[in-house]
S.K.: 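Pasting a structure below so you can have a look.
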2 protein chains.
Amino acid sequence: MTHETTSARSITVANAGLDVLEHVLSYYIRTLNIAVSRDLDDKLEGLEVAKGTGKITTLLLVDRHPGIRPSVIAQLILRDRSAMVRLVDHMEEDGLLTRKADEQDNRAQGLFISHKGKQLAAQIRPIVVKQSRDFFSDITDQEHRMLTSILERTYRRIAGLNGNGETGR
Amino acid sequence: MTHETTSARSITVANAGLDVLEHVLSYYIRTLNIAVSRDLDDKLEGLEVAKGTGKITTLLLVDRHPGIRPSVIAQLILRDRSAMVRLVDHMEEDGLLTRKADEQDNRAQGLFISHKGKQLAAQIRPIVVKQSRDFFSDITDQEHRMLTSILERTYRRIAGLNGNGETGR
DNA sequence: AAAACATAGTTGCAAACGTCCACTACTCGG
DNA sequence: CCGAGTAGTGGACGTTTGCAACTATGTTTT
């Protein structure tokens with residue numbers, strides 16, 4: 001049917017409707033994700049934790065909860081254990097943290113932050129917070145808080161931070 | 001400083017605080033993204049448009065705007081042109097759309113949906129909408145609308161589709 | 001106490017992207 | 001006509017991610 005009349009050049013970024021996606025939350029989450037991730041990477045350039053939510057979250061979690069286990073972090077960042085292993089490998093190589101076998105449970109291990117890791121964590125915290133705030137510059141503080149708390153709800157369910165846990169893989 | 005009393009095994013998914021990330025919108029965007037993407041992939045399993053926001057958006061855009069150019073779509077989905085080329089390659093191979101050289105501008109091309117593509121688009125629309133709604137099941141309709149429109153604001157700025165409709169190109 | 005089952009970490013493999021960069025073809029303004 | 005900018009393409013890389021299989025260890029059953 002339609003294929004000739006609509007002059008292609010009239011379809012610009014500014015006037016192209018997104019079809020149903022315009023009202024689909026997941027579309028914005030998915031798209032904004034790539035933008036916000038890119039932006040964050042820039043802000044973190046050179047800091048050994050660029051790329052991926054994983055490193056940052058892991059660093060902060062280990063700093064905050066000495067002895068936390070890889071598998072727990074994996075659940076929180078929604079990755080599988082194998083991905084987690086590599087993450088820890090890298091971070092250990094970079095001297096940000098260390099593994100220590102758990103004394104009670106020999107198959108488990110605990111993660112501990114290094115001095116260098118601690119400093120990096122301290123350095124990163126303000127950057128991460130500010131980045132998020134700056135990125136969503138056209139959102140009021142109130143809206144920002146609201147979004148955060150609403151999304152937190154879904155996140156907690158998915159990650160199993162609520163009642164009991166499902167793995168939501 | 002929380003640490004000694006906290007034996008490693010007591011740090012569970014349920015009680016591990018996320019440090020500053022707890023109040024960082026971008027953290028939720030980034031993390032939820034991977035969950036929502038996985039979920040969507042499941043719902044779309046087998047449908048030739050699984051994986052990545054790109055295919056779906058492209059399909060719907062081409063269906064909606066016959067003759068739209070790859071570069072325009074690229075801007076909307078926040079990818080670079082080369083990524084777009086491959087996307088179109090695949091979709092053309094799959095018989096979802098076709099390229100046609102633009103008559104006015106020989107360096108450009110227009111994308112047109114195929115019959116198969118049109119059917120797929122029709123099939124996908126409800127799924128995508130429902131998926132988003134279902135995924136964020138613990139959010140009220142009103143909140144969902146609010147989130148969508150707030151995020152849309154940021155998206156539009158990022159993608160450069162603000163204000164005026166036809167910025168002379 | 002042995003067997004069966006579950007959990008933590010690990011590794012290999014392979015698919016899927018995204019990014020950077022260079023290159024061609026073409027348009028347009030001056 | 002020239003120079004600048006744009007559209008599409010292709011190649012090479014480096015990463016990330018997911019799956020499946022495997023080990024070691026812990027827990028539960030019978």
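No hydrogens, no waters, no symmetry mates; every other heavy atom, side chains included, goes into these values. Letters A, B, ... mirror the listed sequences (proteins, then strands); counts begin at 1.
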S.K.: Please state how far atom CG in A:Leu40 lies from atom C1' in C:dG18, giving the value in whole angstrom units.
M.R.: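 Those two atoms, CG and C1', are 17 Å apart.
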
S.K.: In this structure, how many angstroms lie between the C1' atom of C:dA16 and the CD1 atom of A:Ile34, rounded?
M.R.: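 Computing the A:Ile34:CD1 to C:dA16:C1' distance gives 15 Å.
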
S.K.: Please name all residues satisfying side chain to side chain contact (heavy atoms under 4.5 Å, CB included) with A:Glu152, sequence neighbours left out, ordered by chain then number.
M.R.: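 Per chain and number, A:Glu152 pairs via side chain to side chain contact (heavy atoms under 4.5 Å, CB included) with A:Arg156, B:Glu22, B:Tyr28.
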
S.K.: Between OG1 of A:Thr31 and CG of A:Leu21, what distance do you get to the nearest 0.5 Å?
M.R.: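 So the OG1 of A:Thr31 and the CG of A:Leu21 are separated by 8.0 Å.
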
S.K.: If you look at every strand shown and take non-hydrogen atoms under 4.0 Å, does A:Lys100 touch a base, only sugar-phosphate, or nothing?
M.R.: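 A:Lys100: no heavy atom of the nucleic acid under 4.0 Å.
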
S.K.: Would you kindly give the CZ-to-C1' distance between A:Arg69 and D:dT25, to the nearest whole Å?
M.R.: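 The distance from CZ of A:Arg69 to C1' of D:dT25 comes to 12 Å, rounded to the nearest Å.
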
S.K.: Would you call B:Asp19 and A:Arg64 a salt bridge, taking side-chain N to carboxylate O under 4.0 Å as the test?
M.R.: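 So B:Asp19 pairs with A:Arg64 through a salt bridge.
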
S.K.: Would you call B:Arg153 and A:Asp138 a salt bridge, taking side-chain N to carboxylate O under 4.0 Å as the test?
M.R.: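 No, no charged N to carboxylate O under 4.0 Å.
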
S.K.: With a 4.0 Å cutoff (strictly under), does any side-chain N or O of B:Lys55 reach OP1 or OP2 of C:dA16?
M.R.: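 False: B:Lys55 side-chain N/O out of range (4.0 Å or more) of C:dA16 OP1/OP2.
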
S.K.: Are A:Glu48 and A:Lys116 ion-paired here, with the side-chain N under 4.0 Å from a carboxylate O?
M.R.: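 Here A:Glu48 pairs with A:Lys116 in a salt bridge, since their nearest N and O are under 4.0 Å apart.
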
S.K.: I'd like to know if B:Asp141 pairs up with B:Arg133 as an ion pair, taking the criterion as any Lys NZ or Arg NE/NH1/NH2 lying under 4.0 Å from an Asp or Glu carboxylate oxygen.
M.R.: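 Here B:Asp141 pairs with B:Arg133 in a salt bridge, since their nearest N and O are under 4.0 Å apart.
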
S.K.: Specify the separation, in whole Å, of atom CD of B:Glu45 and atom P of D:dC19.
M.R.: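 It works out to 11 Å between those atoms.
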
S.K.: Tell me, which of residues 82-96 of chain B have any heavy atom that sits under 4.0 Å from an atom in DNA chain D?
M.R.: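 Close to the strand are B:Ser82, B:Val85, B:Arg86.
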
S.K.: Taking only side-chain nitrogens and oxygens of A:Arg38, does any of them come within less than 4.0 Å of OP1 or OP2 of C:dG18?
M.R.: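 Negative; the distance criterion is not met.
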
S.K.: Heavy-atom nearest nucleotide on DNA chain C for A:Ala108 versus B:Leu78: which residue maps closer to 5'?
M.R.: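 Comparing both residues, the 5'-ward one is A:Ala108.
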
S.K.: Counting only side-chain heavy atoms from C-beta out, which of C:dT10, D:dT9, D:dC19 sits nearest to A:Asp80?
M.R.: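 The closest nucleotide is D:dC19.
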
S.K.: Starting from C1' on C:dC17, measure out to CD1 on B:Ile77 and report it in whole angstrom.
M.R.: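 Result: 12 Å.
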
S.K.: Grab the CG-P distance between A:Leu111 and C:dA8 for me, whole Å please.
M.R.: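 Distance check: A:Leu111 CG to C:dA8 P gives 13 Å.
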
S.K.: Closer than 4.0 angstrom, basic N to acidic O: yes or no for A:Asp63 and A:Arg125?
M.R.: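 Yes, A:Asp63 and A:Arg125 are salt-bridged.
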
S.K.: Are any of the side-chain nitrogens in A:Arg86 or A:Glu93 under 4.0 Å away from the carboxylate oxygens of its partner?
M.R.: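 No salt bridge links A:Arg86 with A:Glu93.
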
S.K.: How long is the line joining CZ of A:Arg81 and P of C:dA8, in whole Å?
M.R.: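 To the nearest whole Å, that distance equals 7 Å.
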
S.K.: Any side-chain N or O of A:Arg99 less than 4.0 Å from the OP1 or OP2 oxygen of C:dT10?
M.R.: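 True: A:Arg99 side-chain N/O within range (under 4.0 Å) of C:dT10 OP1/OP2.
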
S.K.: What nitrogen or oxygen pairs link the protein and nucleotides 24-27 of chain C at under 3.5 Å?
M.R.:
from	atom 1	to	atom 2	distance (Å)
C:dT27	OP1	B:Asn106	N	3.2
C:dT27	OP1	B:Asn106	ND2	3.2

S.K.: What is the distance from CG of B:Asp102 to C1' of D:dG8, rounded to the nearest Å?
M.R.: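 Taking atom C1' of D:dG8 as the reference, CG of B:Asp102 is at 13 Å.
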
S.K.: Please step through salt bridge (charged side-chain N to carboxylate O under 4.0 Å, His left out) for the pair A:Lys43 and A:Asp39, ending with a clear verdict.
M.R.: CA-CA 6 Å; A:Lys43 303 284 168 63; A:Asp39 183 55; 3.3 Å; yes

